[in-house]
Amino acid sequence: MSARLPAHRAVIRVAPIVPLWAAVICAAVAGGLLTLSFPAVSLWVAAFPAIGLLLLSLIGRRVWSALLVGFVYGAVFFLILVSWTARYLGPIPWLALGLLEAALTAVALIPVTLAYRWIPSLPLRTYARSVLLAVTVAALWVGRELFVGNWPYGGFPWARIAYTLADTPAARVSSWIGISGLGFLMVMLVALLLELGRAGVRPRVRALVAPVVLAVLLAALPAFPTTGHGTMRIGAVQGNGPTGYFDQREPLSVLDAQTAASEPLYGKRMDLLVWPEGGLDGDPFQYPELADGLDRVAEGVRAPILANAATQKGELFYNTSFLWLQGEHAPLARDDVQTHAKRHPVPFGEYVPDRAFFNAIVPDLIGLIGREYTPGTDAPLVRVGKTPVGLAICFDVIYDELIAEGIDGGAQVLVFQTNNADFRGTVENLQQLGIARMRAVETGRSVVNISTVGTSQVIRADGSTQASLDEDRPGALLEDVELRTGATAGVVIGPWIEQFLLWGGLLVVVAAGIVSRRRGRRG
């Protein structure tokens, strides 16, 4: 007669908590709830039950049913969140992006399901097992975000869970452990509460220590300190010109709109004037009338202009920001102009990957994208006098490494130039603005986020709004923007935390799978 194993050494078979049909419904509700936590609704608290419902629907699932649950969650979430992609091009790009992200999400959630299947069989006490499972699930969530955010074609890290907290005190946690670290703590809190309830752990003080500590960190951790370094007087102009892909325009109409919106700033003291992405009709290094227009504005404000345009070198096109100095006709000395070309041109927006393949499928849509932008290689940084200014052009704001490169280069303020004209009347600009706000808190830097059509804002280093321009109207801001020095821990160690969580989570799942199989054979 064999001895009975202690409870913490028994092989535990995990059954689904809810049947598959209910799990699919839970996943769909989770996806819908999570979209509410993003702008424009910004009901951030909805992110937590959304996480809980998704995890609940994955517990006890086998791979194929987990794929179904993950796909339903991803489809509902992404198709609602990025519905703005259908604004001009119709349903095909919207469905392609949303369903691709859903499929990638479904695949990346399989390790979470495996964690729920295998970790309960580890020979650990109930509380320790619950904590380990919650930590692993949260780490795997970060791994899923990294996977979706890096592949294919550079990925789409637009919908990270931490962005839902951009308008809350919890955003300050990102300045210590990065945006992925903040997302890890969010998921870990939910997963731990779910496990403690599922395991029937009695509500003793010891059992509640971990969730209480996590909640306190999210609510009360102060921002990582950076050092004030004076101010820079920055003007920022939202011209509201015809900058959309399909907008009807006359020659120089974009320049004229930006110039008209800049004129109220003429004669006022400033150190820098910022124009948005696409604030010019063409390449001022090739067209003298554009260069003359920039010269007139620079003379009017008596300051350099940080402008942006599509530029050409040889046969290559770039989405380029450049510092146009007052009193210097830059086309005569182009090599001396400080520039930064967009590092991540948007696939199917600014270039077509595998063009021949996709052209054979949807030739009419692919034919609309005639110009192929080349990724830039120069640093996301310009110097205005002695002050380094960090840059990100439009969607580049979602890539951690580019923001970190600017901070590593000594950036004391961040400027994000964007063109939201192709998404007028949608929430795209507010979603992007939320990311810009999170970047301010994460880096401990003021951010000037300037759009062609809005919403444009100057954001303080604590994430609060210093000044704002509403969308769909021209206007100009002129603000004394605080400069700061010193890199936050989130910028310095955030990438290392991401990699530790990614590989650590996968390693725990693999090890738990091996242990579970061996113990299953012995049982």
Side-chain angles (χ1 to χ4, degrees), residues 11-14 27 30 51-52 54-71 73-74 77 100-124 128-152 154-157 159-162 177-192 194-195 198 210 214 399-401 490 493-520:
V11 178
I12 299 175
R13 306 297 181 188
V14 179
I51 296 168
L54 177 60
L55 298 182
L56 186 71
S57 66
L58 290 170
I59 293 173
R61 303 256 81 88
R62 295 194 175 275
V63 169
W64 288 109
S65 60
L67 281 172
L68 174 62
V69 167
F71 183 81
Y73 158 77
F77 174 60
L100 172 63
E101 296 301 307
L104 295 176
T105 295
V107 171
L109 284 174
I110 290 175
V112 175
T113 300
L114 296 178
Y116 277 118
R117 183 189 302 177
W118 290 336
I119 289 179
S121 292
L122 294 179
L124 298 171
R129 191 166 57 229
S130 297
V131 171
L132 177 62
L133 184 51
V135 169
T136 304
V137 166
L140 293 172
W141 187 290
V142 171
R144 180 195 64 81
E145 290 189 339
L146 290 175
F147 172 61
V148 174
N150 285 276
W151 189 88
F156 187 63
R160 295 157 78 178
I161 194 74
I177 55 177
I179 291 172
S180 289
L182 172 56
F184 167 77
L185 293 187
M186 291 176 65
V187 178
M188 181 182 169
L189 175 60
V190 176
L192 184 56
L194 182 61
E195 281 311 295
R198 203 163 65 91
L214 287 175
Y399 293 98
D400 292 357
E401 73 278 3
I493 68 174
W496 295 98
I497 291 175
E498 285 181 341
Q499 294 302 310
F500 176 78
L501 293 175
L502 168 64
W503 299 110
L506 292 174
L507 182 62
V508 170
V509 170
V510 171
I514 293 172
V515 171
S516 178
R517 286 179 178 274
R518 288 180 176 175
R519 298 184 69 210

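Note that these values count all heavy atoms, side chains included, but never hydrogens, waters or copies made by symmetry. Because the structure is a prediction, the values reported are computed rather than measured.
- Contact between L109 and G70 at its shortest, heavy atoms only, is CD1-CA, 3.8 Å.
- In this structure, CD1 in I177 is found 11.0 Å from CD in E498, a value given to the nearest 0.5 Å.
- Between L194 and the options L56, L189, V137, I51, a side chain to side chain contact (heavy atoms under 4.5 Å, CB included) holds for only L56.
- Scanning both residues, R117 and S121, for their nearest heavy atoms gives O-OG, 4.4 Å.
- Both the sub-6.0 Å distance and the 45° axial angle are satisfied by R144 relative to the ring of W141.
- Remark: side-chain polar atoms of R129 are paired, donor with acceptor, to backbone N or O of L124 under 3.5 angstrom.
- Here CG of D400 is found 9.0 Å from CG of N150. Values are rounded to the nearest 0.5 Å.
- Going from atom CZ of R198 over to atom CG of L133 covers 6.5 Å, rounded to the nearest 0.5 Å.
- When atom types are taken as modelled, the side chain of S516 and the backbone of A512 share no donor-acceptor pair closer than 3.5 angstrom.
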Under the side-chain contact (heavy atoms from CB on, under 4.5 Å) rule, what do T105 and F147 come out as? Steps first, then yes or no, please. CA-CA 9 Å; T105 295; F147 172 61; over 6 Å; no
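- In terms of heavy atoms, P120 sits closest to A115 at CD-O, 3.6 Å.
- Across all non-hydrogen atoms, the minimal contact from P495 to G490 is CD-O, 4.2 Å.
- The one candidate from L501, L502, V142, I497 that meets the side chain to side chain contact (heavy atoms under 4.5 Å, CB included) condition with S180 is V142.
- With contacts defined as side-chain heavy-atom distances shorter than 4.5 Å, the pair L67/I110 qualifies.
- Of all heavy-atom pairs spanning L192 and S130, the tightest one is CD1-O, 4.1 Å.
- With a 4.5 Å cut-off on side-chain heavy atoms, T113 and S65 do not count as touching.
- When all heavy atoms are compared, the tightest approach of A191 to Y116 is CB-OH, 4.5 Å.
- In terms of modelled atom types and a separation under 3.5 Å, the side chain of E145 and the main chain of I161 share a donor-acceptor contact.
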